[in-house]
Visitor: 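One structure, pasted below without further comment.
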Amino acid sequence: MAKRVLILCTGNSCRSQMAEELWNMLGEGEWEAHSAGSKPAGYVHPLAIRAMAELDADLSAHRSKSLDEFADQPFDLVVTVCDNARESCPVFPGAAETLHWPFDDPADATGSDDEKMTTFRRVRDEIREKIRSFLAGE
């Protein structure tokens, strides 16, 4: 049976969405990843969808989900990806283990979409490397 991970953030529109998909890709069936937010934005950021499409990952059918949807479910691991200097991350009591991996919020990037994509790619790649290292036991 696959281990379950829940990736939490505030809006569930960028970082946690990318992390969910990356974890499912890198976990190779050994992990079942989900993501949620304490205050769901109601959409998945178009540039997060675009950044993940560059890795052949399709977020277009994903939706911003509330933490409440997972309240009664057990998880082996909960990872919060919010930058706690700027936003408060939810706490999840149903977790066997909780880790905090703060990443910059790419939604805060400024400039043209092409300029913002630089930030989305950087954060996506930082998340991918953190998950890869964790799964490798590093």
Side-chain angles (χ1 to χ4, degrees):
M1 190 164 133
K3 291 183 179 180
R4 300 182 80 224
V5 60
L6 180 62
I7 300 119
L8 297 178
C9 204
T10 305
N12 189 226
S13 68
C14 297
R15 292 165 289 183
S16 52
Q17 290 285 345
M18 292 191 293
E20 173 185 353
E21 189 67 22
L22 288 164
W23 206 302
N24 280 323
M25 292 166 64
L26 295 168
E28 299 177 343
E30 293 181 23
W31 285 87
E32 175 188 318
H34 301 275
S35 68
S38 57
K39 296 176 185 167
Y43 67 97
V44 177
H45 198 291
L47 297 181
I49 294 170
R50 192 166 133 193
M52 290 302 292
E54 294 175 353
L55 301 180
D56 294 324
D58 185 4
L59 294 187
S60 63
H62 283 222
R63 64 183 176 83
S64 181
K65 300 172 291 295
S66 170
L67 174 62
D68 296 341
E69 292 186 37
F70 300 97
D72 297 327
Q73 298 181 31
F75 286 91
D76 297 286
L77 178 64
V78 169
V79 177
T80 57
V81 294
C82 303
D83 178 354
N84 58 10
R86 287 200 302 253
E87 54 195 313
S88 60
C89 285
V91 175
F92 195 77
E97 181 181 7
T98 302
L99 298 173
H100 181 64
W101 297 345
F103 295 101
D104 292 338
D105 188 350
D108 290 341
T110 58
S112 68
D113 279 359
D114 286 342
E115 291 168 325
K116 292 176 187 176
M117 277 303 294
T118 301
T119 303
F120 274 83
R121 288 183 188 107
R122 176 181 57 80
V123 172
R124 174 201 66 200
D125 293 346
E126 288 171 0
I127 293 170
R128 180 174 54 179
E129 192 50 44
K130 187 73 173 174
I131 294 169
R132 184 180 285 139
S133 294
F134 175 82
L135 294 175
E138 297 171 4

Visitor: side-chain contact (heavy atoms from CB on, under 4.5 Å) with C9: which of V79, V81, D105, L67?
Guide: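 With C9 as partner, side-chain contact (heavy atoms from CB on, under 4.5 Å) holds for just one option, V81.
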Visitor: In plain terms, say whether E126 and R122 are close enough for a salt bridge, that is, a side-chain N and a carboxylate O under 4.0 Å apart.
Guide: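 The answer is yes: the pair qualifies as a salt bridge.
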Visitor: Atom CD1 in I7, atom CD1 in I131: separation rounded to 0.5 Å?
Guide: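 If I round to the nearest 0.5 Å, the distance is 6.0 Å.
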Visitor: I need the full list of salt bridge (Lys or Arg N to Asp or Glu O under 4.0 Å) pairs touching residues 50-60, with sequence neighbours left out, sorted by first then second residue.
Guide: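 Non-adjacent pairs meeting salt bridge (Lys or Arg N to Asp or Glu O under 4.0 Å): R50-D114, E54-R121, E54-R124.
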Visitor: Please name the residue in the list K116, M117, R15 that meets the side-chain contact (heavy atoms from CB on, under 4.5 Å) test with P106.
Guide: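 Going through the options one by one, the only one that passes is R15.
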Visitor: Check whether the side chains of T80 and H100 place a donor and an acceptor atom closer than 3.5 Å, and report yes or no.
Guide: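 Yes, side-chain donor-acceptor contact under 3.5 Å.
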Visitor: Test side-chain contact (heavy atoms from CB on, under 4.5 Å) on Q73 and R4 and set out the steps.
Guide: CA-CA 10 Å; Q73 298 181 31; R4 300 182 80 224; 2.7 Å; yes
Visitor: Listing request: all ring pair (Phe, Tyr, Trp, His ring centres under 6.0 Å) pairs with a residue in residues 2-28, at least two apart in sequence or in separate chains.
Guide: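 Residue pairs with at least one partner in residues 2-28: W23-W31, W23-W101, W23-F134.
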Visitor: Indicate the atoms forming the closest heavy-atom contact of E21 with L59, along with that distance.
Guide: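 That closest heavy-atom pairing would be CB-CD2, 3.6 Å.
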Visitor: How close do R128 and D125 get, counting heavy atoms only, and between which atoms?
Guide: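 The pair with the smallest heavy-atom distance is NH2-OD1, 3.1 Å.
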Visitor: What's the separation between atom CD1 in I127 and atom CD in E20, rounded to the nearest 0.5 Å?
Guide: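 Answer rounded to 0.5 Å: 12.0 Å.
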Visitor: NZ of K3 to CD of E30: how many Å apart, nearest 0.5 Å?
Guide: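 Separation between the atoms: 8.5 Å.
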Visitor: So which atom in F70 and which in S35 form the shortest heavy-atom distance, rounded to 0.1 Å?
Guide: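 Result for this residue pair: CE1-O, 3.7 Å.
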Visitor: With rounding to the nearest 0.5 angstrom, report the CD1 to SG distance, I49 to C14.
Guide: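 If we round to the nearest 0.5 Å, I49:CD1 and C14:SG are 9.5 Å apart.
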Visitor: Compare all side-chain heavy atoms of L55 with those of L22 and state whether any distance is below 4.5 angstrom.
Guide: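 Side chain of L55 against side chain of L22, heavy atoms only: contact under 4.5 Å found.
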Visitor: Looking at every heavy atom in both N12 and K65, which two are closest together, and how far apart are they?
Guide: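 Minimum heavy-atom contact is OD1-N, 2.6 Å.
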Visitor: Give a yes or no on whether the backbone of A33 and the side-chain of N24 come within a donor-acceptor separation of less than 3.5 Å.
Guide: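 Yes; judged by distance alone, with no hydrogens or angles, the pair exists.
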Visitor: I'd like to know if Y43 and M18 are part of one continuous hydrophobic network [Ile/Leu/Val/Met/Phe/Trp/Tyr, side-chain heavy atoms within less than 4.5 Å].
Guide: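 As far as the 4.5 Å side-chain criterion goes, Y43 and M18 are not connected within one cluster.
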Visitor: Distance-only, no hydrogens or angles: does the S64 side chain make a donor-acceptor pair with backbone N or O of G11 under 3.5 Å?
Guide: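 Yes.
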Visitor: For the pair E115 (side chain) and S112 (backbone), establish whether a donor and an acceptor sit closer than 3.5 Å, ignoring hydrogens and angles.
Guide: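 Present.
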Visitor: Quick check: closest heavy atoms across S16 and A36, and the distance to 0.1 Å?
Guide: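 Residues S16 and A36, closest heavy atoms: OG-O, 4.2 Å.
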Visitor: Test your reading of the model: is there a side-chain donor-acceptor pair from E97 to the backbone of F75, 3.5 Å cut-off?
Guide: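 Pair absent, no side-chain N/O of E97 close to backbone of F75.
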Visitor: Which value, rounded to the nearest 0.5 Å, describes the distance between R63 atom CZ and E69 atom CD?
Guide: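 Taking CZ in R63 and CD in E69, the distance rounds to 4.0 Å.
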Visitor: Where do A41 and S13 come nearest, in terms of heavy atoms and distance?
Guide: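 Nearest heavy atoms, A41 then S13: CB-CB, 3.9 Å.
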